[in-house]
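Numbers for residues simply follow the sequence, beginning at 1. Scope of the values below: all heavy atoms of this structure, side chains included, with no hydrogens, waters or symmetry mates.
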Amino acid sequence: MDQEHIFMLHEFIDGEVWNWFRCHVLHTNWNKQDWTFKEVLIGLYNRFVNAATMQEACEAFRTAVYDARTGVQTFYDELVGHAQNMAMYLDEFTIQETFLDGIPAEMHRALICDDNLSPKVNTVTKFLVYAICYEQSAHTATHYDQRSSCRTQGYHQPVKVGTFLAKRSEMEQNCNPQPKVWSDAPVAKESRYMLRVGQPGPKGAWDGLPKVSHPKGSPSKVTFSGGDAGYKPSGGVA
């Protein structure tokens with residue numbers, strides 16, 4: 001059975017690996033003639049997998065990062081893959097600590113605070129299951145937030161109740177203005193004069209104004225206040 005596996009192996013190798021396999025396993029003049037399939041695999045491992053390759057696996061495990069586009073499952077699989085390429089497989093606690101340090105902070109907090117998980121009690125696979133659920137929920141919430149923003153696009157922002165009532169009251173006043181209460185006298189030009197009794201005023205000062213009688217006891221100074229809608233005498237004169 002080992003011989004069949006050995007002869008099938010050479011169909012899946014090439015290059016330098018094929019040269020080593022041909023010279024050490026298939027060559028008839030080589031000292032070792034009875035290779036087993038396990039011994040061939042160990043020989044290939046010792047020849048081509050060196051300490052530098054294992055160091056690269058350690059460095060890749062240490063620098064692995066979470067990518068939101070591929071998800072938390074891909075991040076976990078990458079960590080496990082690098083750990084399997086090391087000479088000594090890492091313990092579960094080390095993989096768990098690296099996994100928790102690599103996921104986003106909001107996901108890390110949700111797993112511990114909301115789901116009540118603890119690194120000292122729960123396994124890394126349980127953290128992975130809850131992390132996948134959190135990720136799926138976040139994607140669903142983002143999807144519906146985008147739908148809501150598309151539906152509300154183009155509409156006015158909501159107005160506070162107090163602001164709305166104030167604007168409505170202002171509109172009602174503009175549509176139905178309250179009439180101003182003035183005297184029935186005709187509208188006078190916009191002017192203000194201080195006149196004394198018996199003293200003529202400036203030219204045109206009395207144009208458009210009614211004659212005012214001065215009863216006994218009236219003050220000697222009369223003030224006329226003109227405005228847009230009429231005039232109103234001041235100083236006690238009606």
Closest approach of [X] and [Y], non-hydrogen atoms and distance?
| X | Y | answer |
| --- | --- | --- |
| W35 | V25 | NE1-CA, 3.9 Å |
| N116 | C113 | OD1-O, 3.4 Å |
| E59 | T63 | O-OG1, 2.8 Å |

Distance from R47 atom CZ to H24 atom NE2, nearest 0.5 Å?
-> 8.0 Å
Applying salt bridge (Lys or Arg N to Asp or Glu O under 4.0 Å), which residue pairs with at least one partner in residues 65-89 are found, sequence neighbours left out?
-> D67-R69
Check residues 104-112 and write down every donor-acceptor pair under 3.5 Å in which the side-chain atom is one partner and the other belongs to a residue at least two apart or another chain.
none

Side chain to side chain donor-acceptor pair (under 3.5 Å) partners of residues 94-104, not counting sequence neighbours, each pair once | D91-T94
List the atom pairs, with distances to 0.1 Å, where a side-chain N or O of residues 122-130 and a protein N or O form a donor-acceptor pair under 3.5 Å, not counting sequence neighbours.
residue: N122; atom: OD1; partner: S118; partner atom: N; Å: 2.8
residue: T123; atom: OG1; partner: T125; partner atom: OG1; Å: 2.9
residue: T123; atom: OG1; partner: K126; partner atom: N; Å: 3.4

When hydrophobic residues are tied together by side-chain contacts of less than 4.5 Å, even through go-betweens, does L90 share a cluster with I103?
-> yes
Partner residues of F75 under the ring pair (Phe, Tyr, Trp, His ring centres under 6.0 Å) criterion, sequence neighbours left out = F99
Taking only residues two or more places apart in sequence or in another chain, which ones pass ring pair (Phe, Tyr, Trp, His ring centres under 6.0 Å) with F61?
-> none
Would you please test F37 and E4 for side-chain contact (heavy atoms from CB on, under 4.5 Å) and show each step?
-> CA-CA 9 Å; F37 184 68; E4 294 180 1; over 6 Å; no
